[in-house]
Amino acid sequence: MWTDPHTLATLKEMQDVQSGQTQRNAKLHNQNEQNVEQENNISSNSVDTTIFHYIGSKTGGISTKRFLMLDHQKRIKIKLEDYLAPESDEKSSMASKDTHQTNMPSSSYLVKEKTPNIYKERKCTPAIHIVFLKTHKTASSTILNILYRYGESRNLTFALPRNKKKQLYYPNYFASNFVEGISRRNMKGFHILCNHMRFKKAEVEKIMPADSFYFSIIRNPVDMMDSIFIYYKSIPAFHKTSSLDDFLDWGSQNFNSSVPSNHYAHNILAFDFGFDNNVMSDDKELEEMTNNSIAAIEQDFHLILILEYFEESVILLKYILCWSLDDVVSFKMNSRSQRTRSLLLPTTAEKIKSWNALDWKIYLHFNRSFWHKVDIVVGQDQMKVEVAQLRKIQAKLANTCLKDSGPVDPLQIKEPRLKPFQYGKAVIQGYNLNPNMAPQNKIKCERLITPELQYTDLLYARQFPELAAKHRKSKTAGKSANGNNRLVEKTYEKEALKN
């Protein structure tokens, strides 16, 4: 449901995925690891076999100070320890101090023991302090919808962009004063931070609790570059090129990274995570920048999801956060119509890997470590069971909520308020509500298909009703002024014609 078969065909390390996610098993897992190892040309001291525990600066830029070499599995276990540990008396006491969390009962689910294929039940408290780095063209809008629904249903507070902006002043490095309400005395803190930003840990820590769970999602850079080229065709780096191959062959030779918006065209994943993205595949610094970038991400983030395994990703997420399957169900948001998709040639894929070499190496590493986390937290057998359950729930929701049982092109969307924002040459699809659904299902179904910008406005109005009213009043006045200006212009035109 979440996979684009035409682009996966370009990936050697995922060649069996097209047979369907229902066939994914331990054999595919092992094959995936072997193929990734063949693709990865990082040296034998690379992060494929060890994880560098980053001790240096964790804010914008890359700083090399000291690294500790840790076994890969051990490193992951250490990072997830707090979120996989049984609920302690201390944690329960802290939870009772949070007025929102007192309404959050403990949950239980199966956790893999050391003995294979044996699972035990444990109790835990659902996580409510969450930081999600929303990356570009990675199904991050779908994750955002999940977080928005989870937070809204539990009356949690969101760290929303100031002045009703849609992003946290991206592409600037994130700063705490980009968040609405941060200077207000009645805002004691936030539960969820999840809008577009360029990551800077030190600034995030100023507004988010110390126990916040940090995660993000990444995508194969080959697929991502294809999507970005269509979506951001108007940026200076792309607008004079006729095709993606044209850009990779000729446009990239004259690429100017200092031109505004050109960051979308080169190693965009590294840029979003806060790193220097201006590195080429033949640069001597590439290996060091790769190791430093991966080490910093491992240090700052508890989990990195993989778009190509979206269902497994959200199931792993719900295990670690102590959520339920109902909390992570979703419909695909902000997706391109098939009319704006095309097959990528293998030669094009290789050129993309070379052009976005830093992103490619970051992706290979976290695609690999993702499966180690699955083994530790869920287990392959249990994962297959839960993927089937998730699909069953989503199919039932589609039948209940959707008129057309799936996404439709924007011209077919009946309600303008549910139409997603259109940008570039991409045709972004949306959904129509089932007019025959039971009234009690309408709000839930509507939230499942509410586009990102409209949902952000809705949450802003709930958290900041007075400010939202001022923005509406200002917008109305602006429209009125523009209307008066147009009326004056027409009057002058008529007078000119008479004369």
Side-chain angles (χ1 to χ4, degrees), residues 4-10 134-142 144 165-167 169-172 195-198 217-272 277-278 280 307 332-360 363 407-413 419-430 451-453:
D4 298 328
H6 75 283
T7 52
L8 287 179
T10 68
K134 190 177 187 298
T135 48
H136 287 83
K137 315 314 295 179
T138 58
S140 60
S141 293
T142 305
L144 189 78
K165 298 287 186 182
K166 307 307 179 186
Q167 300 180 348
Y169 292 81
Y170 182 91
N172 298 302
N195 295 93
H196 269 307
M197 64 173 166
R198 190 177 186 198
I217 184 169
I218 63 176
R219 180 183 188 181
N220 188 296
V222 175
D223 304 351
M224 187 168 59
M225 185 70 175
D226 176 51
S227 180
I228 282 175
F229 182 79
I230 298 297
Y231 198 79
Y232 296 105
K233 186 64 172 65
S234 62
I235 68 172
F238 293 152
H239 81 276
K240 290 184 179 180
T241 56
S242 59
S243 66
L244 181 53
D245 273 299
D246 186 27
F247 169 76
L248 294 167
D249 290 337
W250 308 108
S252 59
Q253 296 178 15
N254 301 313
F255 178 76
N256 187 344
S257 61
S258 64
V259 175
S261 297
N262 273 1
H263 65 278
Y264 289 109
H266 194 206
N267 289 315
I268 182 63
L269 277 178
F271 184 89
D272 286 351
N277 61 325
N278 296 311
M280 302 298 178
L307 167 62
K332 195 172 184 180
M333 305 297 292
N334 208 34
S335 62
R336 274 193 297 161
S337 169
Q338 290 296 331
R339 294 191 289 109
T340 57
R341 297 176 186 269
S342 59
L343 289 171
L344 289 179
L345 297 173
T347 53
T348 305
E350 292 305 315
K351 285 185 283 188
I352 293 172
K353 293 175 187 177
S354 178
W355 171 246
N356 292 316
L358 179 56
D359 277 1
W360 176 242
Y363 173 79
V408 297
D409 284 356
L411 292 177
Q412 298 174 281
I413 298 174
K419 188 175 181 178
F421 177 66
Q422 303 295 310
Y423 188 79
K425 291 191 174 182
V427 177
I428 306 301
Q429 295 183 310
E452 176 183 336
L453 300 186

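Fair warning: this is a prediction, and the values are worked out from it, not measured in the lab.
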*Does any N or O in the side chain of T142 come within less than 3.5 Å of the main-chain N or O of M333, such that one atom is a donor and the other an acceptor?*
yes

_The test is side chain to side chain contact (heavy atoms under 4.5 Å, CB included); show your working for N334 and K137 and say whether it passes._
CA-CA 9 Å; N334 208 34; K137 315 314 295 179; 4.0 Å; yes

*asked:* Taking NZ in K166 as the centre, count heavy atoms belonging to other residues, nucleotides or ligands within less than 6.0 Å. Is the count above 12?
replied: yes

_Expected output: side-chain N267 to main-chain N277 donor-acceptor under 3.5 Å_ = yes

Could you go through residues 249-260 and list every donor-acceptor pair under 3.5 Å that involves a side-chain atom there, pairing it with any protein atom two or more places apart or in another chain?
| unit_1 | atom_1 | unit_2 | atom_2 | d |
| --- | --- | --- | --- | --- |
| D249 | OD1 | K351 | NZ | 3.0 |
| D249 | OD2 | K351 | NZ | 3.4 |
| S252 | OG | F247 | O | 3.4 |
| S252 | OG | L248 | O | 3.0 |
| Q253 | NE2 | D249 | O | 2.9 |
| N256 | OD1 | S258 | N | 3.0 |
| N256 | OD1 | S258 | OG | 2.5 |
| S257 | OG | N278 | OD1 | 3.4 |

*Walk me through it: do H136 and M224 pass the test side chain to side chain contact (heavy atoms under 4.5 Å, CB included)?*
CA-CA 8 Å; H136 287 83; M224 187 168 59; 5.8 Å; no

*Which residue pairs satisfy the salt bridge (Lys or Arg N to Asp or Glu O under 4.0 Å) criterion with at least one member in residues 251-262, sequence neighbours excluded?*
none

_Using 30° and 60° as the class boundaries, would you call the ring planes of W355 and H266 parallel, tilted or perpendicular?_
parallel

*Step by step, work out the side chain to side chain contact (heavy atoms under 4.5 Å, CB included) result for L269 and N356.*
CA-CA 9 Å; L269 277 178; N356 292 316; over 6 Å; no

*Give a yes or no answer on whether the side chain of N172 reaches the backbone of Y169 with a donor-acceptor pair at less than 3.5 Å.*
yes

*asked:* Keeping D359 on the side-chain end and I268 on the backbone end, is there a donor-acceptor pair under 3.5 Å?
replied: yes

*Short question: side chain of K233, backbone of T241 - any donor-acceptor pair under 3.5 Å?*
yes

*asked:* I'd like to know if the side chain of S140 reaches the main chain of T135, judged simply by a donor and an acceptor atom lying under 3.5 Å from each other, with no hydrogens or angles considered.
replied: yes

*asked:* I'd like to know if the side chain of D409 reaches the main chain of L411, judged simply by a donor and an acceptor atom lying under 3.5 Å from each other, with no hydrogens or angles considered.
replied: no

*Q422 side chain to I428 main-chain N or O, any donor-acceptor pair under 3.5 Å?*
yes

